[in-house]
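Okay, so here's the structure we're looking at.
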Amino acid sequence: PTPPPDMEDDDEWEHAGNKHINKRVLLYADEAGLPDPDIVNPPPGSVRLMGTIYCWLPAHKSNFFNDNGQLDALWRCRWDDRYLSPQDLEEHEVIRGAAQYEREGLRVSNG
């Protein structure tokens with residue numbers, strides 16, 4: 001199938017074959033209103049941003065080096081707020097965001 005326009009730059013990215021594909025994530029916005037995977041304990045009233053992991057880039061295709069200097073995979077998140085550009089996340093950020101979604105996402109979505 002032809003990817004939607006916001007995925008046209010994802011040619012090298014894979015859309016299947018990884019356990020994180022289609023996972024829902026929740027991150028908190030920084031002061032500029034952008035998703036910040038490093039915010040773990042947000043202050044009251046923090047903006048929650050939810051999205052879906054829709055593709056990944058295996059380490060052997062990636063040019064991203066982790067904190068240990070090793071090539072590492074990345075996962076791309078499309079935010080529910082379509083005004084935000086897709087964001088590339090490291091695996092620990094995906095895991096944290098998925099856990100935050102599980103903990104708070106359903107309440108926020110139904111709320």
Side-chain angles (χ1 to χ4, degrees):
T2 304
D6 65 341
M7 293 171 54
E8 289 177 356
D9 66 336
D10 300 330
D11 289 343
E12 293 183 16
W13 292 69
E14 305 202 9
H15 298 269
N18 185 274
K19 65 183 178 181
H20 298 308
I21 298 297
N22 294 319
K23 270 194 181 172
R24 296 284 291 158
V25 297
L26 181 151
L27 297 180
Y28 296 95
D30 63 14
E31 293 175 1
L34 300 174
D36 185 343
D38 294 325
I39 299 175
V40 179
N41 296 310
S46 293
V47 175
R48 296 174 177 108
L49 300 169
M50 290 179 273
T52 303
I53 303 300
Y54 69 97
C55 61
W56 73 296
L57 189 64
H60 71 276
K61 292 183 177 182
S62 172
N63 63 357
F64 172 75
F65 290 89
N66 63 24
D67 292 340
N68 297 323
Q70 302 292 318
L71 277 175
D72 210 352
L74 291 171
W75 286 260
R76 189 160 282 176
C77 180
R78 181 185 306 113
W79 300 107
D80 294 353
D81 180 344
R82 295 301 177 117
Y83 290 104
L84 295 171
S85 297
Q87 182 173 1
D88 299 343
L89 301 172
E90 297 174 58
E91 187 169 32
H92 69 94
E93 296 167 337
V94 173
I95 292 168
R96 182 185 311 139
Q100 289 177 164
Y101 181 85
E102 289 294 320
R103 191 170 49 250
E104 300 181 42
L106 296 175
R107 179 170 47 97
V108 172
S109 295
N110 293 333

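One is the number of the first residue; the rest follow in order along the sequence. Below, each value reflects all heavy atoms present in this structure, side chains not excepted, and no hydrogens, waters or symmetry copies.
The existence of a salt bridge linking Arg24 and Asp80 is confirmed by a sub-4.0 Å separation between a basic side-chain nitrogen and an acidic carboxylate oxygen.
The CD1 atom of Ile53 sits 7.5 Å away from atom CD1 of Ile21, with the distance rounded to the nearest 0.5 Å. Rounding to the nearest 0.5 angstrom, the gap separating the CZ atom in Arg48 from the CG atom in Asp81 is 15.5 Å. Distance CG/Leu74 to CD/Glu91: 10.5 Å, rounded to 0.5 Å. Once rounded to the nearest 0.5 Å, the distance linking CG of Asn66 with CG of Leu71 reads 8.5 Å. Rounded to the nearest 0.5 Å, atoms OG (Ser85) and CZ (Arg78) are 12.0 Å apart. Atom CG of Asp30 is separated from atom CD1 of Ile39 by 6.0 Å, given to the nearest 0.5 angstrom.
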Discussion item. Run Leu26 and Met50 through side-chain contact (heavy atoms from CB on, under 4.5 Å) and show every step you take.
Written reply: CA-CA 4 Å; Leu26 181 151; Met50 290 179 273; 3.9 Å; yes
Worksheet item: Can you check side-chain contact (heavy atoms from CB on, under 4.5 Å) on Tyr28 and Leu49, steps first, answer last?
Response: CA-CA 6 Å; Tyr28 296 95; Leu49 300 169; over 6 Å; no
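Within the 4.5 Å cutoff, side-chain heavy atoms of Gln100 are placed close to those of Leu27. Side-chain contact between Glu93 and Cys77 is absent, with no heavy-atom pair separated by less than 4.5 Å.
Following chains of ILVMFWY side-chain contacts shorter than 4.5 Å, one cannot reach Phe65 starting from Leu89, and the two form parts of different hydrophobic clusters.
Side chain of Asn18 to main chain of His20: a donor-acceptor pair is present (N/O by atom type, distance under 3.5 Å, no hydrogens or angles). The backbone N or O of Leu57 sits nowhere less than 3.5 Å from a side-chain atom of Ser62 that would complete a donor-acceptor pair.
The shortest heavy-atom contact between Trp79 and Leu84 is CD1-CB, 3.8 Å. Shown here for Phe64 and Glu90, the closest heavy-atom pair between the two residues is CZ-CD, 3.4 Å. Nearest approach of Trp56 to Ala16, heavy atoms of both residues: NE1-O, 3.2 Å.
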